[in-house]
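Comments concern the structure below.
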Amino acid sequence: MSQRDDDPAREAARLRRELEEANYHYYVEDAPTIPDADYDRMLRRLQEIEAAHPELVTPDSPTRRVGAQPAEGFAEVRHAVAMLSLDNAFDHDEVRAFARRVAERLERDPEAIDFCCEPKLDGLAVSLIYEQGVLVQGATRGDGRTGEGITANVRTLKSIPLRLRGEQPPELLEVRGEVYISHSGFERLNERARESGGKVFANPRNAAAGSVRQLDPGIAASRPLEFCAYQVARIDDERWQATHSAQMDGLRHFGFRTSPAMEVVTGAEGLIDFCQRLGEKRESLDYDIDGAVMKVDDYRSQRELGFVSRAPRWAMAFKFPAQEQTTTINDVRFQVGRTGRLTPVAELEPVQVAGVTVANASLHNMDEIARLDARIGDTVIVRRAGDVIPQIVQVIIEQRPTRTRAIDMPAECPVCGSRVERAEGEVDAICSGGLFCAAQRKEALKHFASRRALDIDGLGDKLIDQLVELEWVKTPADLFRLEVTRLSELPRVAEKSATNLVNALERARQTTLARFIFALGIPEVGEATAGALATHFGTLERLMAADEAALTAVPDIGPVVAAHLHAFFAEQHNREIIDDLRRMGVTWEEVEVAERPRPLTGETWVLTGTLEAMTRDEAKSRLAALGAKVSGSVSKKTHAVVAGPGAGSKLERARELALTIFDEEGFLARLEQLEQGGMPGETHDE
DNA sequence: CCACCTCGAGTTCA
DNA sequence: CTCGAGGTGG
C-alpha cells in the first residue's frame with residue numbers, strides 16, 4: 001500500500017503506476033493482485049491530489065476511467081489505414097478455396113502455409129492510437145474510412161491500457177480490436193436495468209454498441225465493456241514486421257488482452273479443424289462469437305497478397321450459421337390450446353436461424369405483445385439459442401414501415417365462434433366454448449392419447465384432426481369404437497395402419513389408475529399430481545367421491561387443485577365419459593403391484609443430459625420403483641443428480657450445491673445394486 | 001407472510 | 001427449457 005508523499009507530483013505518478021498495474025492484472029490477466037478496497041482507497045487519493053493540483057492531471061490518469069464530462073457530439077475521425085471488412089466463408093469448401101487461392105498466389109503448397117486463427121467476437125470494432133505510449137484516440141469503424149471519435153468512452157474500459165506497459169514504447173501504435181460484453185456482464189447489466197426500470201438490452205452486441213455511442217462517458221464507464229485486440233494497424237518499429245502471431249505476442253507485452261483461443265495452424269486442414277473445434281466450444285464460451293478469423297501468419301506473405309477492393313486477400317472470416325436473424329411479421333393468428341387459451345402466433349417471413357428455417361414464433365399473450373410493442377408488418381429479431389424454440393427478442397422500431405396493423409385479441413374464438421373471455425387481472429384469454437370447441441376437443445384427445453397418458457401409438461395429430469372434423473370421435477371413449485373397415489375409408493389411411501391403430505387401442509385399454517387420471521386432462525392435474533391421487537385413493541370411485549376437504553388432505557394438493565378436481569367430477573358430462581370409457585373396456589389393476597423394497601423412499605433425484613443405455617422415461621420409472629421421486633429441477637432438497645453427456649445448467653447447479661452426481665455408468669451400477677435389494681456396504685452372504 | 005421448491009403447460013421444426 | 005403459479009414450511 002502506498003504511503004503519503006511530500007511531493008504531490010511524485011505521489012500522483014506512483015499512484016497512477018500502481019493503479020494501472022492493478023487494473024492490468026485484474027482485467028487483462030484475470031488475476032487480481034490487490035484487494036478492491038485498497039484499489040478504491042488509492043483511486044480516491046489520486047482524485048484528491050488531482051483536485052488540489054489540476055496541473056498534475058494527465059490524459060493517461062486512471063481517474064479518467066470513471067468518465068470525464070459529456071462531449072458535445074462525436075468528432076469525425078479519418079482512419080489513416082482503412083478498417084476493412086473481411087470476406088466470408090460459410091462452409092468448409094469455401095475455407096479450402098481460401099487456402100488454395102492464397103497458396104497459388106504465393107506459389108506454395110496450401111498444406112504448408114501457417115495461419116493465425118482466433119474466434120470472431122460479436123461486438124464492435126474499434127481503433128486505438130497510442131503516441132509515445134499514451135492512448136490519445138479511440139474511434140469506431142464507421143464506414144471503414146471515417147469513424148467517430150470515442151476517446152473518452154474507450155478510456156473507461158479497464159482492459160484498455162491508458163499507457164503501454166514495458167520499456168521503450170513505439171512512437172506510434174495503432175491497435176484494432178473488438179469491444180464486447182460477456183454473457184455474465186450482460187446478465188448483470190440487464191439485472192440492474194430491470195431493478196431500476198432502465199432499458200433492458202436485447203443482446204450483448206446491442207448493449208456494447210449502444211454503450212460506446214453514449215455521449216456521456218459516465219454511462220460507458222458503468223457498462224461491463226471489454227476489449228480484445230486482434231490487429232496492429234500501424235507501428236514504427238522494424239522488429240514488428242515478422243509474423244502476425246508475433247505481433248499479437250507484442251500486444252500482450254504492451255498490456256492488451258488478446259484472444260486466449262488464438263492458435264497458429266498449418267494448411268487448409270488445420271483451418272478446418274480449428275473452425276470445427278471452435279464450433280463445438282461455441283456454446284460454452286462466456287461471450288458471443290459469430291465465427292472464426294483466419295489470417296496468413298507471415299507478414300511478408302500478407303504484403304505480397306495485398307488487397308482486393310474491400311478486403312485483404314490474406315484473411316477470411318468463417319461464419320457460423322447465425323443464431324439471430326431479422327425478419328418481418330407477416331401476420332398473427334390465434335391458436336386455441338387444450339385449456340382453451342388463445343395464443344397469438346406470429347407468422348414470419350421464413351428465415352434461416354441456426355441452420356433451420358423459422359416461419360412461426362409464439363408471442364405467448366397480449367402482455368408480451370405490449371412489452372415488445374409488436375405490430376403486423378414490423379421487423380423483428382428472432383433468436384434460436386441454446387434451446388430450440390425460436391423467440392421474438394425485439395422489434396426494431398426504427399425500421400417500422402408506415403403501414404402496420406395492431407395485433408388485437410379476437411372477440412370470438414377463431415375455431416368455434418364462442419365468446420373469448422379474459423378475466424380481470426388475468427394474462428390469458430380463454431375461449432368459452434369448452435369441449436364444444438373443436439380445437440379444445442382435438443387437444444383433449446391428443447392429450448388422452450399421448451405417451452404419458454394412455455400411450456396410443458399411431459394416433460397422430462393429422463388423424464385426430466380428421467376424426468374430429470368428420471365427427472367420428474367426440475369423446476375419448478369414441479376412440480375405442482373405431483373399426484378397421486371404417487378407418488380404411490379415410491384418405492391416407494391404409495388397412496395396415498388402421499389395423500395398427502386398432503391394436504394400439506386394444507393395448508391401451510389396459511392401463512394404470514395414475515395414467516387414467518392424467519389422461520382425463522383435468523386442469524392443474526399433471527403426471528405428478530395424478531400419481532399422488534392414485535396412490536392416495538387407490539380406486540377411481542373413492543377419488544370421485546372425495547369432497548374438497550378429502551382432496552386437500554392429499555400431499556401437494558391445495559385448495560386450487562382440489563376445486564378443479566371437484567368441479568370436474570361433479571360435471572355430469574365428465575361422469576358419463578368416464579362410465580363410457582369403462583364400458584369400452586378401459587381397466588387398470590385396482591391394487592398396486594407387490595411391494596418391493598424401496599430403499600430410495602423420500603429421496604429426490606434429477607436426471608439431466610442424455611442417457612445412452614436407456615430412455616429417460618425408463619430411468620425415471622426404475623427410480624420411482626425404488627421409491628425415489630424424480631424431479632425436473634435441482635435444489636437443496638435434491639439427493640442425487642444423474643448427468644449424461646450434454647448436461648447443462650442443472651449439472652452446474654448440482655456442482656454448486658455439492659450434491660452427489662452420477663455419470664451414466666455409475667448410475668447403472670447403483671441402480672442394479674439397489675434393485676438387487678442391496679444397500680451400499682451391505683453383504684449378501686447366506 | 002415470505003421464500004423456496006415443484007408442477008403444469010406451452011413451445012418449433014424435421 | 002422456461003415461465004408462472006400452486007403448495008408448503010419456516
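Given the structure is predicted, the values throughout are model-derived calculations rather than measurements.
Residues forming a side chain to side chain donor-acceptor pair (under 3.5 Å) with A/Arg542 (at least two apart in sequence, or on another chain): none. By the salt bridge (charged side-chain N to carboxylate O under 4.0 Å, His left out) test, A/Asp663 is found to be paired with no residue, residues two or more places apart in sequence or in another chain being considered. Remark: A/Asp122 engages A/Arg205 in a side chain to side chain donor-acceptor pair (under 3.5 Å) (not counting sequence neighbours). Applying the side chain to side chain donor-acceptor pair (under 3.5 Å) test to A/Arg509 and every residue at least two apart in sequence or in another chain returns A/Glu506. For A/Phe662, the ring-ring contact (aromatic ring centres under 6.0 Å, His included) criterion is met by A/Trp605, not counting sequence neighbours. Residues forming a side-chain contact (heavy atoms from CB on, under 4.5 Å) with A/Ala292 (at least two apart in sequence, or on another chain): A/Phe274, A/Cys275, A/Leu278, A/Phe318.
In this structure, A/Ile392 atom CD1 and C/dT2 atom P are separated by 19 Å, rounded to whole Å. Between A/Glu368 atom CD and C/dT2 atom C1' the separation is 12 Å, expressed in whole Å.
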Just distance, no hydrogens or angles: give the donor-acceptor pairs under 3.5 Å from side chains in residues 568-575 of chain A, sequence neighbours left out.
from     : atom 1 : to       : atom 2 : distance (Å)
A/Gln572 : NE2    : A/Glu576 : OE2    : 3.4
A/Asn574 : ND2    : A/Phe568 : O      : 2.9
A/Arg575 : NH1    : A/Phe569 : O      : 2.7

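Between A/Arg405 and A/Asp331 there is a salt bridge, since a side-chain N of the basic residue sits under 4.0 Å from a carboxylate O of the acidic one.
The stretch residues 552-571 of chain A touches DNA chain C through A/Pro555, A/Asp556, A/Ile557, A/Gly558, A/Pro559, A/Val560, A/Val561, each having a heavy atom under 4.0 angstrom from the strand.
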Base versus backbone protein contacts along nucleotides 8-14 of chain B [heavy-atom cut-off under 4.0 Å; B, S, -]:
SSSBBSS
